[in-house]
Asker: 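Can you read through this structure? Questions will come right after.
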Protein chains: 2
Amino acid sequence: MGSASTPQQAGARRRRRLSADDWARAALAAIGEGGVAAVAVEPIAARLGATKGSFYWHFRDRRALLEAALRCWEREQTEAVIDAMEAEPDLVRRLRRLFASAIEGERRDPAELTLLAAAGDPAVDAVMRRVTDRRISYMARVFEDLGLPPATARSHALIAYNAYLGYLQLAHAAPEVLPRGQAARRRYLGDLVTALLPAS
Amino acid sequence: MGSASTPQQAGARRRRRLSADDWARAALAAIGEGGVAAVAVEPIAARLGATKGSFYWHFRDRRALLEAALRCWEREQTEAVIDAMEAEPDLVRRLRRLFASAIEGERRDPAELTLLAAAGDPAVDAVMRRVTDRRISYMARVFEDLGLPPATARSHALIAYNAYLGYLQLAHAAPEVLPRGQAARRRYLGDLVTALLPAS
DNA sequence: ACCTGAACACCGTTCAAGT
DNA sequence: ACCTGAACACCGTTCAAGT
């Protein structure tokens with residue numbers, strides 16, 4: 001790719017100095033495109049118009065970059081989503097929104113499946129544990145706010161999240177096995193969760 | 001197959017000549033231990049006491065080795081399990097056995113989670129699609145044999161498998177969130193599936 | 001402070017040469 | 001037929017040297 005150097009002049013929007021956050025975001029984008037394995041220093045450096053050597057000023061090693069990318073994802077896909085939900089005062093509608101956003105997430109968050117996928121990597125596992133716990137706890141709290149006793153709220157949230165995870169996996173592993181069409185799938189997950197929530 | 005006379009001398013090293021199957025099994029073992037990324041030619045060659053060059057006599061490239069390992073897994077964990085189930089004539093007990101073996105599989109088949117994990121790799125995706133379809137179809141047939149109409153049988157199987165996948169994922173991503181203990185977990189999955197199978 | 005460029009180790013792949 | 005050993009490319013990591 002590299003023709004004559006011309007170090008000062010850069011194509012596109014390649015700025016001179018990079019922050020650790022620039023690297024982390026580029027890594028997160030790479031995860032969405034090619035999975036955890038795509039977090040590779042050299043290609044990302046090339047993409048950012050820098051050298052590998054530069055990378056090691058900002059991060060200790062590849063793993064630290066992975067972890068930073070995962071923290072970005074955690075913030076955006078869990079904390080930010082939960083914050084957005086709080087804007088909806090009607091609790092039942094809030095739950096519906098939550099499910100809807102999770103389903104549409106199939107398209108909007110290519111990283112999620114990829115990360116579920118990367119189970120086994122210690123860095124990934126740590127984030128997944130936090131995120132899983134945070135999401136289930138949040139759902140349980142909404143169920144509690146709806147009037148369910150804490151233990152019931154918790155078990156409903158657990159079961160719903162269990163159903164969601166299996167659905168995500170199925171949708172990826174064997175999509176032709178699921179109902180076809182966005183609407184039909186939403187109904188499927190709705191039915192699934194409804195079946196799981198007798199008291200709801 | 002068909003072992004030719006293997007002229008070998010007992011020694012600290014492995015036998016002199018390796019078959020493609022030897023490589024495939026070593027690769028499957030590696031997957032169980034370190035995930036798909038652990039399917040690396042050089043370390044596996046070392047483990048087998050051969051050189052990398054030797055590997056390329058048996059396989060076109062690393063990916064072909066991965067695919068061979070996945071076929072081993074598919075045969076052992078899907079076809080062999082289904083064959084074993086057929087030995088149980090009582091259909092309800094057959095289903096119970098199926099679930100029990102899936103749960104215990106958490107321990108016995110380290111590859112399964114790792115493979116669910118590797119979603120995104122084309123070779124892995126292809127096998128997962130086949131295995132998913134095979135398992136759901138098999139369960140659907142048992143439900144049909146139990147007297148359910150085909151469409152109902154299919155949707156029950158789908159829902160049960162959905163629950164199973166989510167459970168596996170949860171058990172790995174956040175085990176502390178699930179009921180503790182083998183018995184309690186089996187009850188949890190039982191309840192989950194029962195809740196999902198109103199007509200059963 | 002931030003970055004380059006060369007260096008080295010490791011793994012995938014090829015290949016000429018051995019048995 | 002089956003394997004070795006050297007070779008090369010690619011990526012992770014280090015480091016001395018540049019601005």
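Chain A is the first sequence line, chain B the second, and so forth, proteins listed ahead of strands; every chain is numbered from 1. Only heavy atoms go into these numbers, but all of them, side chains included; no hydrogens, no water, no symmetry mates.
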Asker: Taking the side chain as everything from C-beta on, heavy atoms only, tell me whether B:Leu66 gets closer than 4.5 Å to B:Ile31.
Answerer: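 The answer is yes, as the side chains (C-beta and beyond) meet within the 4.5 Å cut-off.
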Asker: Whole Å only: how far is the CZ atom of B:Arg17 from the C1' atom of C:dG18?
Answerer: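 These atoms are roughly 11 Å apart.
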Asker: Within the distance-only criterion (no hydrogens, no angle test), does the side chain of B:Asp22 pair as donor or acceptor with the backbone N or O of B:Ser19 below 3.5 angstrom?
Answerer: yes
Asker: Output the rounded distance in Å from CG (B:Leu65) to P (C:dG12).
Answerer: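 Checked: the CG to P distance equals 10 Å.
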Asker: Below 30° counts as parallel, above 60° as perpendicular, anything between as tilted: where do the rings of B:Tyr167 and B:Tyr188 land?
Answerer: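 Aromatic pair B:Tyr167/B:Tyr188 classed tilted.
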Asker: Kindly point out which of C:dC3, C:dT14, D:dG5 is positioned nearest to the side chain of A:Ser54?
Answerer: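 The answer is C:dC3.
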Asker: What is the distance from CD1 of A:Ile44 to C1' of D:dC10, rounded to the nearest Å?
Answerer: 15 Å
Asker: How many whole angstroms separate atom OH of B:Tyr56 from atom C1' of D:dA7?
Answerer: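 Going from B:Tyr56 (OH) to D:dA7 (C1'), I get 14 Å.
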Asker: Taking the side chain of B:Glu42 as its heavy atoms from C-beta onward, which of D:dT4, C:dC11, D:dT13 lies nearest to it?
Answerer: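 Of D:dT4, C:dC11, D:dT13, C:dC11 is nearest to the side chain of B:Glu42.
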Asker: Given C:dC10, D:dC11, D:dT13, identify the nucleotide with an atom nearest to the side chain of A:Pro43.
Answerer: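 Between C:dC10, D:dC11, D:dT13, the one nearest the side chain of A:Pro43 would be D:dC11.
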Asker: Salt-bridged, B:Arg141 to B:Glu86, with N to O below 4.0 Å?
Answerer: yes
Asker: Pairs in or reaching into residues 59-90 of chain A: which pass ring-ring contact (aromatic ring centres under 6.0 Å, His included), with residues at least two apart or in two chains?
Answerer: A:Phe55-A:Phe59
Asker: Do A:Thr132 and A:Tyr161 touch side chain to side chain, with heavy atoms closer than 4.5 Å?
Answerer: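 Yes, side chains in contact.
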Asker: Any donor-acceptor pair under 3.5 Å between the side chain of A:Lys52 and the base of C:dT4?
Answerer: no
Asker: Measuring from the side chain of B:Arg62 (C-beta onward, heavy atoms only), which nucleotide among C:dT13, D:dT13, C:dT4 has the closest atom?
Answerer: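 Given the options C:dT13, D:dT13, C:dT4, the side chain of B:Arg62 is closest to C:dT13.
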Asker: Return the nearest nucleotide to the side chain of B:Thr51; candidates are C:dG5, D:dG5, D:dA1.
Answerer: D:dG5
Asker: Roughly how many Å is it from CZ in A:Phe59 to P in C:dC2, rounded to a whole number?
Answerer: 12 Å
Asker: According to a 3.5 Å limit on both distances, what stems of 3 or more consecutive Watson-Crick or G-U pairs are formed with DNA chain C?
Answerer: C:4-8 with D:12-16, C:12-16 with D:4-8
Asker: Compare side-chain N and O positions of A:His58 against OP1 and OP2 of C:dA1 and report whether any pair is under 4.0 Å apart.
Answerer: no
Asker: Atom CH2 of A:Trp57 and atom P of D:dT13: how far apart are they, to the nearest Å?
Answerer: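 Result: 18 Å.
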Asker: Which whole-number value in Å describes the distance from A:Leu48 CG to C:dC3 P?
Answerer: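 Value for this atom pair: 10 Å.
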Asker: Can you tell me how far C1' of C:dC11 sits from CZ of B:Arg63, to the nearest Å?
Answerer: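 The answer, rounded to whole Å, is 19 Å.
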Asker: Let me check something: do A:Trp57 and A:Leu48 share a hydrophobic cluster, defined by ILVMFWY side-chain heavy atoms less than 4.5 Å apart, either directly or through other members?
Answerer: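 A:Trp57 and A:Leu48: separate clusters.
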Asker: By nearest nucleotide on DNA chain D, pick out whichever of B:Ala50 and A:Ala37 is the more 5' one.
Answerer: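 Its nucleotide being nearer the 5' end, the pick is B:Ala50.
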Asker: Reading DNA chain D from 5' onward, which residue's closest nucleotide shows up sooner: A:Val39 or A:Gly53?
Answerer: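 Nearest-nucleotide comparison on DNA chain D picks A:Val39.
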